[in-house]
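If you read the sequence from its start, that first residue is 1, and numbering goes on from there.
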Amino acid sequence: MLERLVPPPGKDVVDVGCGGGALVRALAERGARMTGVEISESQLATAVEQDDGRGARYLVGRAERLPLDEASVDVVVFMRSLHHVPRADLGGALVEARRVIRPGGAVYVAEPLAEGSFFELTRMVDDETEVRAAAQAALSEASDAGLHRATTVDYDAPLSVAGLPGLRARIVAADPRRADRFDELAAELAEGLERLGEPGERPGEWRFLHPMRADVLRPALS
């Protein structure tokens, strides 16, 4: 979806909340000049370790205080990360994204929706209904940040989980504080995988369709 709406080859792209760097590596291989931003050196460690000479740079920063110069990138990407920004800082994160994109640039936001079988499963550990709604509300007010919502596309993203360990890794990666809660509910989550998922191609694998919304925000005309 990102490649369809905002083709990255040949562009300076920043992935805000890059986590382990999978998207940074994927877009670098497609010809983008990539920067990944995370909130701490420890959060960046895996991304840096796995960069393997792709030439990406990794910076410590926050969405509401990006460590980038004004008008220095073509695309700012929030890939399932905007709803992790504190609610009070969501508007500031969009203001910062507007600050760092060049004229004609774009802010690409892909957010999971609070619906579907995978959401029903993961909300047992951490119910993100309110934070996801807050992210959508911030996007609806993007004009306050000098942006306009140029394109919105709802779609289902296929998602595979390698059993309970794979589910744990995915959920805890976004917020390590979820680990204890996950372990407390391990039996219920294992039952939920079988009840809500479809068997995957590999033994122990479960497949889901994850409802998503992609937005392309452009600089507002003055």
Side-chain angles (χ1 to χ4, degrees), residues 1-3 5-6 8 13-28 32 34-48 50 56-68 73-101 105-114 118-119 122-123 125-142 145 147 149 152-155 157 159 169-178 210-217:
M1 188 61 67
L2 168 61
E3 289 183 293
L5 297 179
V6 188
V13 180
V14 57
D15 181 10
V16 181
C18 67
L23 182 63
V24 172
R25 295 189 294 274
L27 296 186
M34 292 301 303
T35 298
V37 174
E38 262 298 350
I39 61 173
S40 69
E41 295 283 359
S42 61
Q43 293 282 77
L44 280 174
T46 299
V48 172
Q50 296 185 9
R57 64 172 178 163
Y58 295 94
L59 303 174
V60 173
R62 304 186 70 89
E64 65 274 19
R65 293 190 301 277
L66 291 174
L68 299 167
V73 300
D74 299 302
V75 183
V76 174
V77 176
F78 292 91
M79 183 61 74
R80 297 185 295 272
S81 60
L82 187 63
H83 68 281
H84 291 295
V85 175
R87 192 173 309 184
D89 296 324
L90 286 166
L94 295 180
V95 169
E96 273 291 271
R98 173 66 182 88
R99 179 183 70 82
V100 303
I101 59 172
V107 181
Y108 178 88
V109 183
E111 276 290 300
L113 301 178
F118 191 70
F119 176 70
T122 58
R123 74 188 300 184
V125 178
D126 188 359
D127 189 345
E128 292 189 336
T129 301
E130 292 185 2
V131 295
R132 295 187 186 187
Q136 292 301 320
L139 290 168
S140 71
E141 298 171 355
L147 297 163
R149 213 169 183 176
T152 300
V153 179
D154 287 358
Y155 64 102
L159 183 154
R170 184 181 184 92
I171 290 177
V172 174
D175 186 346
R177 294 172 298 180
R178 296 170 173 172
H210 198 19
M212 298 282 296
R213 177 169 295 155
D215 281 287
V216 178
L217 310 177

Is it true that, when you exclude Gln50 itself, more than 12 heavy atoms of the residues, nucleotides or ligands shown sit nearer than 6.0 Å to its CD? yes

Residues Gly91 and Ala145: closest non-hydrogen pair is O-CB, 4.5 Å

Nearest heavy-atom neighbours spanning Val24 and Met34: O-CG, 3.5 Å

Considering non-hydrogen atoms only, spot the tightest contact between Pro67 and Gly61 and give its length. CD-CA, 4.0 Å

Has the side chain of Arg99 got a donor or acceptor atom that lies under 3.5 Å from a matching backbone atom of Leu68? yes

When rounded to the nearest 0.5 angstrom, what distance separates CG in Leu139 from CG in Asp215? 5.0 Å

Ignoring hydrogens and angles, write down the donor-acceptor pairs under 3.5 Å from the side chains of residues 78-87, residues two or more places apart or on other chains.
residue, atom, partner, partner atom, Å
Ser81, OG, Val16, O, 2.8
His83, ND1, Glu111, OE1, 2.9
His83, ND1, Glu111, OE2, 3.3
His83, NE2, Glu128, OE1, 3.1

Sub-4.5 Å side-chain heavy-atom contact between Glu41 and Val60: yes

Test side chain to side chain contact (heavy atoms under 4.5 Å, CB included) applied to Glu141 - qualifying residues, sequence neighbours left out: Asp144

The criterion is side chain to side chain donor-acceptor pair (under 3.5 Å); which residues satisfy it with Arg57, sequence neighbours excluded? Thr35

Please find the pair of heavy atoms, one from Ala214 and one from Met1, that lie closest to each other, and give the distance. CB-CG, 3.9 Å

Taking Leu66's backbone N and O only, do any of them form a donor-acceptor pair with Glu96's side chain (distance below 3.5 Å, no angle check)? yes

Quick check for you: to the nearest 0.5 Å, what is the distance between Arg213 atom CZ and Asp154 atom CG? 4.0 Å

Taking all non-hydrogen atoms of both residues into account, name the closest pair between Ile171 and Arg178 and its distance. O-NH1, 3.0 Å

How many angstroms lie between atom CG of Leu90 and atom CD of Glu64, to the nearest 0.5 angstrom? 9.0 Å

With Tyr108 as reference, evaluate Leu217, Val13, Val216 under the side-chain contact (heavy atoms from CB on, under 4.5 Å) test and give the passing residue. Val216

How far apart are the closest heavy atoms of Met212 and Ala157, and which atoms are they? CG-CB, 3.9 Å

Given the rule in the side chain to side chain contact (heavy atoms under 4.5 Å, CB included) test, do Cys18 and Leu44 qualify, once you have shown the distances and angles that lead to the verdict? CA-CA 8 Å; Cys18 67; Leu44 280 174; 3.6 Å; yes

Straight-line distance of Tyr155 OH to His210 NE2, nearest 0.5 Å: 9.0 Å

Would Asp15 and Leu27 count as a side chain to side chain contact (heavy atoms under 4.5 Å, CB included) here? Give the steps. CA-CA 10 Å; Asp15 181 10; Leu27 296 186; over 6 Å; no

Take Arg65 and Asp89, measure what side chain to side chain contact (heavy atoms under 4.5 Å, CB included) needs, and give me the verdict at the end. CA-CA 10 Å; Arg65 293 190 301 277; Asp89 296 324; 6.0 Å; no

